[in-house]
Visitor: 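Input: one structure, supplied below.
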Amino acid sequence: MRSLNTRCRDIEAQLPLAPVDWLKCQQYHIAPQVMQAMTEAWSFGIGKDARHESWIRQHNPLVNIQCFDPTTLSMHTIAQAGAGLQWAPIAYHPTETECVFYTTDDARRCYSLIKPTHTAVVHEHTVECADIYTLLDRYAKPNYIKFDVEGMWYELVCDVLRTGVRPYQLVGEFEMYYGNADQQFDRLHTVIKATQEEGYTVFVNRLLHAEMLELAFVRGDMW
């Protein structure tokens, strides 16, 4: 049986790499036209690192960045990052109900709404959740979306597409080690096809050596 790592690298080989003229904001690349045009950005998942969001503000100091992550660590991270980053203690979930955050990390840096089965949970707590429709009612419509949602990527991208919001660019992590591997790869192919049908070009953000991928989806009129 082919490993998750190998299957991830096979998909990377089928997609173009982010162009060299794109702006590298810590680990994620942003198309120059997107950076210039964006006014509102949403970032799902912060934890201990808001360098990507801070770099966006370096390139475009007028953009407002709404950060969604209901952890105390993320609250402190955003507070230290400075102006232009707004913290919302909300996690994305399509059911729009309170859900449980789980972590296997003793330092409590990384939480997921999917209960781990391969490692012991060291902490869990209930958090407020909202779907994309609800967030659009509460916050300004985003031109740009970054997500690092520990296994909830399929639901989030599909939810964004259903709303018709059509941000200039989405970029995020696709962890393939949650749940059934074949189902995860079927979902990934569905996401790629659905975004392409909506006029997005799919790029590999950067080449990895792990059981995950980083992909960027850019509207055809923005690169």
Side-chain angles (χ1 to χ4, degrees), residues 8 11 15 18 25-31 34 38 40-56 63-71 73-74 77-78 85-96 99 101 109-114 127-136 138-163 165-179 184 187-188 190-192 194-195 198 200 202-206 208 210-219:
C8 289
I11 292 177
L15 298 169
C25 296
Q26 193 56 25
Q27 73 272 41
Y28 297 114
H29 295 79
I30 301 177
V34 172
M38 79 165 86
E40 298 286 339
W42 287 2
S43 181
F44 293 91
I46 298 294
K48 70 181 188 303
D49 191 354
R51 288 176 292 176
H52 171 65
E53 293 76 11
S54 296
W55 269 109
I56 291 176
V63 65
N64 180 65
I65 305 177
Q66 190 67 56
C67 303
F68 302 99
D69 191 328
T71 61
L73 178 59
S74 68
T77 301
I78 295 303
L85 276 62
Q86 309 297 322
W87 178 61
I90 303 170
Y92 166 77
H93 196 277
T95 62
E96 198 188 2
C99 297
F101 245 180
R109 295 165 298 188
C110 184
Y111 281 83
S112 174
L113 290 169
I114 301 172
V127 298
E128 179 186 354
C129 296
D131 62 9
I132 298 299
Y133 285 101
T134 297
L135 295 178
L136 286 169
R138 299 183 188 178
Y139 303 96
K141 177 181 175 181
N143 315 121
Y144 174 83
I145 295 176
K146 181 226 90 176
F147 55 91
D148 180 2
V149 288
E150 298 301 322
M152 296 297 298
W153 48 265
Y154 175 76
E155 292 84 355
L156 190 149
V157 175
C158 289
D159 218 2
V160 169
L161 294 178
R162 277 193 293 268
T163 66
V165 64
R166 300 196 79 243
Y168 303 148
Q169 179 174 337
L170 300 92
V171 63
E173 295 188 1
F174 292 77
E175 304 91 354
M176 306 306 291
Y177 43 80
Y178 287 100
Q184 290 294 82
R187 286 179 165 187
L188 181 59
T190 296
V191 164
I192 291 172
T195 52
E198 288 292 322
Y200 287 85
V202 185
F203 296 90
V204 176
N205 176 65
R206 60 175 176 168
L208 300 178
E211 296 176 340
M212 58 182 293
L213 302 98
E214 290 178 355
L215 301 180
F217 308 80
V218 184
R219 266 179 26 188

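All of these numbers come straight from a predicted model, not from anything done at the bench.
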Visitor: Quick one, C129 and L113 - any side-chain contact, counting heavy atoms below 4.5 Å?
Guide: yes
Visitor: Check whether any side-chain heavy atom of M38 lies under 4.5 Å from a side-chain heavy atom of I56, and answer yes or no.
Guide: yes
Visitor: Please determine, by modelled atom types, if N64 and E40 share a side-chain donor-acceptor pair under 3.5 angstrom.
Guide: yes
Visitor: Among E175, Q27, E214, which residue satisfies the side chain to side chain contact (heavy atoms under 4.5 Å, CB included) criterion with D148?
Guide: E175
Visitor: Is the ring pair F174/F147 parallel, tilted or perpendicular, if the boundaries are 30 and 60 degrees?
Guide: perpendicular
Visitor: Looking at Q66 and W87, what are the two nearest heavy atoms and their distance?
Guide: NE2-C, 3.9 Å
Visitor: Any idea which heavy atoms bring L213 and M176 closest together, and the distance?
Guide: CD1-CG, 4.0 Å
Visitor: Are Y92 and E155 packed together at the side-chain level, in the sense that at least one heavy-atom pair is separated by less than 4.5 angstrom?
Guide: yes
Visitor: Under a 4.5 Å cut-off applied to non-hydrogen side-chain atoms, are T195 and L161 in contact?
Guide: yes
Visitor: Does Y154 reach the side chain of T190, with side-chain heavy atoms less than 4.5 Å apart?
Guide: yes
Visitor: Are any side-chain N or O atoms of N143 and backbone N or O atoms of Y168, one a donor and one an acceptor, separated by less than 3.5 Å?
Guide: no
Visitor: Under the side chain to side chain contact (heavy atoms under 4.5 Å, CB included) test against Y28, which residue among R51, Q169, E173 passes?
Guide: E173
